[in-house]
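The sequence lines fix the lettering, A, B, ..., with proteins before strands; numbering per chain opens at 1.
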2 protein chains.
Amino acid sequence: MTTKRGAKATIRDVAAAAEVSVAAVSAALNGKGSLKAETRERIQREAERLGYRPSRVAQAFREGRIGAIALVLPLMDSVDEQQRLIGLDYYMAIAAGSASAAFAAGYSLTLTPPLSSREQWRMVRADGVVLCDPVADDERLTVLDEIGVPVVTIDRDPTREPMPPYAAGDNYANMRLLLDHLDDEGARRIALLSADSSWAWTQDGDRAYAEWCAEHGHEPLRVPVPLGKGDNDALEATVELLQRAAPPDAVIASAEQYTAGVVNACRKLGRRIPDDVMVAVGVDSRSALQNDPPLTAIDLHPHQQGEAAVRLLLDRLAHDAARPDPVIVPSTLHRRASTHRG
Amino acid sequence: MTTKRGAKATIRDVAAAAEVSVAAVSAALNGKGSLKAETRERIQREAERLGYRPSRVAQAFREGRIGAIALVLPLMDSVDEQQRLIGLDYYMAIAAGSASAAFAAGYSLTLTPPLSSREQWRMVRADGVVLCDPVADDERLTVLDEIGVPVVTIDRDPTREPMPPYAAGDNYANMRLLLDHLDDEGARRIALLSADSSWAWTQDGDRAYAEWCAEHGHEPLRVPVPLGKGDNDALEATVELLQRAAPPDAVIASAEQYTAGVVNACRKLGRRIPDDVMVAVGVDSRSALQNDPPLTAIDLHPHQQGEAAVRLLLDRLAHDAARPDPVIVPSTLHRRASTHRG
DNA sequence: CTGAAAGCGCTTACAG
DNA sequence: CTGAAAGCGCTTACAG
């Protein structure tokens, strides 16, 4: 009645060893049913002796759920080594928040690497997916829909109908918050580095900027900067801006990726922050906080966004009901030295 | 014979609809067996019509494996919001590398949030665990061993016997590489910021530093700096170092976390890098690369370490055989402007 | 208080 | 070429 070496003991092995039924073993180990204390202890002893561990797959199978949620981050989509180094604080915090919310509900969080083919997506073992920063007509959402996997996005889908549930910051309001703050601090020519992308947060920010400028009679100074390709683009764009005949007296870096480029451009040209030019960032990060001087930035509370997205997803899984409302996570403006002239 | 609304179609529903056996459905959908083309097509049509998706859990159950590997990162162990912001490039790259190696082998990668109790660890649904930076007598390894989950570590376990298989950089050699490089560039008093921890990489680095100093007749200038508690500690330690009567002419920041602190300390005291003091970092990051001037750093190729660790784990899962040898991933010294006086 | 059985959804031999 | 059955390891009603 001993198990074979190497083969893992099953509930049957324990039942045989303790000379009871498998049901009794199950009850004893899960503290259910009503077993005589003596029997329960004997079963536990035998289980211990055989090194029995209930099979997690079998349990999952019985529960009818995988017990995992997949998280898809844009940064995992890059293939070359250089790019992979780019671990943005924002996404890391989303991952941490998602993981803890998932785990609190008895789910684990799965990181999904770059997937191209439909085949690969079918391999994903998860009860649902949290997808960050969908683009317009995002193919991945189409595939997931075909496969029948529920999806929640972080940042809303710009085009899809019906729009999947989502969690997001209030990107429109945040941009206006930055602009008002810079205005209060005396900035009169505020430039914006922003990506030409179909992401909702970019478009919301651009719209807020355009409207704010129109309302305040300011000339818009928006410079498109590609995202992702390293940070030279942001540096060059900022250098170009600052060397214009009428340079800006404040620069907003809308993306975390631009942070170093903007700062280095100022340093390169000998422009002091904030005296010659104020700098503010649309997404807070360690770089912003640790910069000398520390940079004013919007904290999008990505940890909370991750938590919120996972909870939305779990609701969908549980109730299979009506599409829930989006969750807008309030953001915080951290006023730091980069936008305040002593 | 139609499925209930809401309830997902099972293989039985498809079999009934197509008027064949479940075995035929399985064969048709997996392209196995020898079905008449006409039958196969009819089955596929019905499956399509019913929106049938094979249950991933059931498949997993049959395969006898969960199909997931858990990754445990030290940074996920912090609870307060402030700490969570700390997404180190090093760990992010490990996660990306692990995920792609896992996925290539048909496994997914699960992120495990901070777990304290044995109970919580039992909830982890994974066929194996990759644990980063084990400390001496790491409780987590003890628990995982009890639960019977195979483990591979990144960076070796400092004390455990038998030592779990691991992937790591050559931390001893790397420290000497940095020291030799600084020596070549003319540094004569090289200080080291290093943590008082039981981590193997810290201890290896400290040992290399002590031996190198002894061999070269240099006075050791090692300053212990706590890890994790934000970056003020590194800044203060560096300020203190640079204000000594005999200040160092080079500083090695052994951890990625020290990067900003060291740079800001130099800036605060008006010491120019590299002219007044050279700076080198033991772990490469975006901060090091984007600093002005860019900082010389050791690239530990964390992406490859992640891949290697996952492959070690998969080997163990597959063969259940002898303990494999550790994998030492070669590191690269990136010589940058911070250690070269024009 | 305990046992025997059914069943979760799939795939893989094995019969016909 | 196709069907009926066994079985992966567990838990949950249901009998005794």
Secondary structure of DNA chain C per the Watson-Crick/G-U criterion (both distances under 3.5 Å; [ ] crossing, | other strand, . unpaired) is |||.||||||||.|||

Using the test side chain to side chain donor-acceptor pair (under 3.5 Å), find all partners of B/Asp127 that sit at least two apart in sequence or belong to another chain. none

For DNA chain D, whose closest nucleotide is more 5', that of B/Val20 or that of A/Ser26? B/Val20

Heavy-atom contacts under 4.0 Å between residues 53-62 of chain A and DNA chain D, which residues? A/Arg53, A/Pro54, A/Ser55, A/Ala58, A/Gln59, A/Phe61, A/Arg62

Among all residues two or more places apart in sequence or in another chain, which pass the salt bridge (Lys or Arg N to Asp or Glu O under 4.0 Å) test with B/Glu63? A/Arg125, B/Arg65

Hey, could you give me each pair passing ring pair (Phe, Tyr, Trp, His ring centres under 6.0 Å) that has a residue in residues 31-67 of chain A? Not counting sequence neighbours. A/Phe61-B/Phe61

So, using side chain to side chain contact (heavy atoms under 4.5 Å, CB included) as the criterion, who are the partners of B/Ser26 when residues are at least two apart? B/Ile11, B/Asn30

In the 5' to 3' direction, the nucleotides of DNA chain D bounding the stretch that comes under 4.0 Å of a heavy atom in chain A are D/dC8 to D/dT12

Side chain to side chain contact (heavy atoms under 4.5 Å, CB included) with A/Ala27: which residues, sequence neighbours excluded? A/Leu35

Considering residues at least two apart in sequence or located in another chain, which fulfil the salt bridge (Lys or Arg N to Asp or Glu O under 4.0 Å) criterion with B/Asp155? none

If the condition is salt bridge (Lys or Arg N to Asp or Glu O under 4.0 Å), which residues does B/Arg160 pass it with, not counting sequence neighbours? B/Asp157

Excluding sequence neighbours, so at least two apart, what forms salt bridge (Lys or Arg N to Asp or Glu O under 4.0 Å) with B/Arg156? B/Asp204

Please identify each residue that fulfils side chain to side chain contact (heavy atoms under 4.5 Å, CB included) with A/Ala68, with sequence neighbours left out. A/Ile66, A/Ser108, A/Thr110

What distance separates B/Arg40 CZ from B/Arg45 CZ, expressed to the nearest 0.5 Å? 13.5 Å

